[in-house]
There are 2 protein chains.
Amino acid sequence: VDGNEEARQVLLGIVARLREGWNRHDAQAFAAPFAEDADFTNVFGIVAKGRKQVETAHAAIFRTIFKDSCWTKTDTAVRFLRPDVAVLDIRWELEGSSGPWEGASGTRFGLMNLIVTREGANWAIAVFHNQDVPAPEQAKRFADLWKQ
Amino acid sequence: VDGNEEARQVLLGIVARLREGWNRHDAQAFAAPFAEDADFTNVFGIVAKGRKQVETAHAAIFRTIFKDSCWTKTDTAVRFLRPDVAVLDIRWELEGSSGPWEGASGTRFGLMNLIVTREGANWAIAVFHNQDVPAPEQAKRFADLWKQ
């Protein structure tokens with residue numbers, strides 16, 4: 001399914017709003033692009049149900065371990081499964097965390113997967129998963145596992 | 001969107017086929033429920049494009065690090081975003097890996113997220129992401145980060 005360019009720009013705008021909300025450590029702004037009944041799962045498999053819980057959870061971590069963090073890089077791939085259902089894979093880099101583990105202040109690499117749906121005129125994040133991934137120089141070694 | 005019970009059973013059947021394929025270390029069986037143009041991303045963020053690459057990648061790891069592995073537990077949540085678009089969160093446990101890291105032979109915990117679509121009469125996995133998650137006793141500590 002090909003999405004039109006207008007929808008693609010709306011989706012990239014959602015990614016930009018997530019990043020701006022994160023980098024202002026503004027939980028309400030970060031949560032705003034989520035649907036009211038969104039399913040949010042973080043890198044530890046912990047689940048928040050709905051926009052309000054996404055906001056509350058991020059208000060806590062923006063005051064603590066991510067207080068000085070900066071989401072520094074974004075590389076987004078968009079795939080339309082339906083004209084009104086899109087999947088986004090967002091490769092991210094983060095600097096300046098103070099947790100949840102020792103040494104988290106260095107560069108963290110990860111992948112957010114978003115399923116974004118259009119209900120009426122409005123696109124919103126229906127399902128979100130986040131995962132840590134290895135640094136690119138380590139990822140090579142894991143990719144080689146598939147070649148043996 | 002409510003899916004009908006028949007579709008739900010088909011989707012749970014796909015999960016059962018993945019697990020059976022894994023536990024027979026049969027890459028062709030594991031890959032069969034994927035769409036020909038599926039996007040597959042493993043726990044390291046490494047990508048396979050299409051059913052054939054999913055099969056080839058798994059043929060390699062079923063001969064090596066997962067040769068004696070067993071997918072022991074499955075807990076699946078199904079959500080229909082559209083009558084023909086479903087999202088599955090599969091909590092899994094795995095035993096008996098011999099890699100990719102030291103100590104991998106103990107219980108591994110993870111979460112597969114599948115986007116499964118119906119094209120005509122046939123449901124197939126369009127998008128797959130896998131992530132490791134902490135053991136339940138450790139996850140509690142991470143969940144508390146949202147409560148500070």
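In what follows, chains are A, B, ... by sequence order, proteins preceding strands, each numbered from 1.
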Worksheet item: Any donor and acceptor pair, going by atom type alone, linking the side chain of A:Arg19 with main-chain N or O of A:Trp92 inside 3.5 Å?
Response: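 Looks like no, no N/O pair under 3.5 Å.
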Fill in: Heavy-atom donor-acceptor pair, B:Ser105 side chain to B:Ser97 backbone, under 3.5 Å
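Checked: no pair found.
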Discussion item. With a 4.5 angstrom heavy-atom cut-off, is it the side chain or the backbone of A:Asp132 that approaches chain B, or both, or neither?
Written reply: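 Answer is backbone: N, CA, C or O of A:Asp132 sit under 4.5 Å from chain B.
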Item to complete: Can you tell which part of A:Asp89 gets under 4.5 Å to a heavy atom of chain B, answering side chain, backbone, both or neither?
Response: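 For A:Asp89, side-chain heavy atoms alone lie under 4.5 Å from chain B.
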Worksheet item: Is it true that B:Lys52 and B:Glu55 have a side-chain N and a carboxylate O under 4.0 angstrom from each other?
Response: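 Salt bridge: yes.
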Worksheet item: Is a salt bridge present between A:Asp144 and A:Arg141, judged by a nitrogen-to-oxygen distance below 4.0 Å?
Response: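 No, no charged N to carboxylate O under 4.0 Å.
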Worksheet item: Just wondering, more than 12 heavy atoms not from B:Gln28 lying within 6.0 Å of its CD?
Response: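 It does not: B:Gln28 CD has 12 such atoms or fewer within range.
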Item to complete: For each of B:Gln53, B:His58, B:Glu119, tally heavy-atom pairs with chain A at distances under 4.5 Å, and name the one with the top tally.
Response: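 Winner by heavy-atom pair count: B:Glu119.
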Practice prompt. Identify which of B:Pro134, B:Ala139, B:Gly110 forms the greatest number of heavy-atom pairs closer than 4.5 Å to chain A.
Written response: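 Result: the option with the highest number of such pairs is B:Pro134.
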Fill in: Under 4.5 Å from a heavy atom of chain A, the part of B:Thr41 involved
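Contact with chain A involves the side chain of B:Thr41 alone.
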Item to complete: Name the member of A:Thr56, A:Val43, A:Val133, A:Asp84 that forms the most heavy-atom pairs with chain B at distances under 4.5 Å.
Response: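 Among the listed options, the one with the most contacts to chain B is A:Asp84.
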